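For reference, the structure is listed below as structure tokens.
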Amino acid sequence: MKDEEAAAFVAQLRAGKRFVTRFQEEEWGLTYVGDGRYHKWSRRLDQDSQETLTEAVLLDLLTTHYRYDVMVARLHD
């Protein structure tokens with residue numbers, strides 16, 4: 001994902017959208033919790049995890065590992 005696309009995706013999270021997806025046995029998502037922090041969670045058959053990311057960390061994660069078209073298609077109100 002390009003920097004501009006990541007910024008647009010994060011802006012949609014700040015505006016109240018949620019991201020949720022499932023790939024094989026893993027479901028995970030992102031939500032904005034305020035003060036420039038984002039909640040990332042995942043559920044797998046054998047393990048659940050949760051973490052809070054700063055906006056800078058989330059932007060880096062998005063630009064390094066994800067495609068905008070795939071991520072934006074899974075945003076929900």
Side-chain angles (χ1 to χ4, degrees):
M1 181 179 307
K2 297 177 184 175
D3 291 341
E4 307 82 39
E5 294 170 332
F9 181 84
V10 166
Q12 291 184 63
L13 291 174
R14 277 195 314 268
K17 299 250 183 191
R18 299 177 292 117
F19 170 82
V20 179
T21 192
R22 177 184 289 262
F23 179 73
Q24 295 178 356
E25 292 85 27
E26 181 182 19
E27 180 181 16
W28 70 281
L30 294 162
T31 55
Y32 181 62
V33 294
D35 297 325
R37 296 175 299 127
Y38 300 81
H39 180 240
K40 181 180 182 232
W41 58 268
S42 69
R43 292 188 193 106
R44 297 180 187 179
L45 293 175
D46 59 344
Q47 175 182 338
D48 290 349
S49 69
Q50 297 185 36
E51 61 183 312
T52 301
L53 307 173
T54 64
E55 189 164 306
V57 169
L58 178 57
L59 288 168
D60 184 56
L61 181 73
L62 292 170
T63 57
T64 303
H65 297 287
Y66 298 101
R67 288 182 20 203
Y68 179 75
D69 60 329
V70 173
M71 297 290 284
V72 77
R74 290 166 176 84
L75 282 171
H76 305 280
D77 290 327

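None of these values were measured; they are calculated from a predicted model.
In terms of the side chain to side chain contact (heavy atoms under 4.5 Å, CB included) criterion, residue partners of Q50 (sequence neighbours excluded) are, by chain and number, H39, W41. Residues satisfying the salt bridge (Lys or Arg N to Asp or Glu O under 4.0 Å) test with R14, not counting sequence neighbours, are E55. Taking the salt bridge (Lys or Arg N to Asp or Glu O under 4.0 Å) definition, one finds that E26 meets it with R44, sequence neighbours left out. For E4, the side chain to side chain contact (heavy atoms under 4.5 Å, CB included) partners at least two apart in sequence or on another chain are K2. Take T52 and apply the side chain to side chain donor-acceptor pair (under 3.5 Å) test, not counting sequence neighbours, and it matches no residue.
Two residues are said to be in side-chain contact when any heavy atoms from C-beta on lie closer than 4.5 Å; V10 and Y38 meet this criterion.
With hydrogens and angles ignored, the 3.5 Å screen pairs a side-chain donor or acceptor of T63 with a backbone N or O of D60.
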If you look only at distance, which donor and acceptor atoms sit under 3.5 Å apart when one is on a side chain in residues 66-77 and the other is two or more places apart or in another chain?
from	atom 1	to	atom 2	distance (Å)
R67	NE	D69	OD1	3.1
R67	NH2	D69	OD1	3.3
R67	NH2	D69	OD2	2.7
R74	NE	T21	OG1	3.1
R74	NH1	V70	O	2.8
H76	NE2	R74	O	3.3
D77	OD1	K17	NZ	3.2

Distance-only donor-acceptor hits, side chain of residues 28-35, under 3.5 Å, sequence neighbours excluded:
from	atom 1	to	atom 2	distance (Å)
Y32	OH	D35	N	3.3
Y32	OH	G36	N	3.2

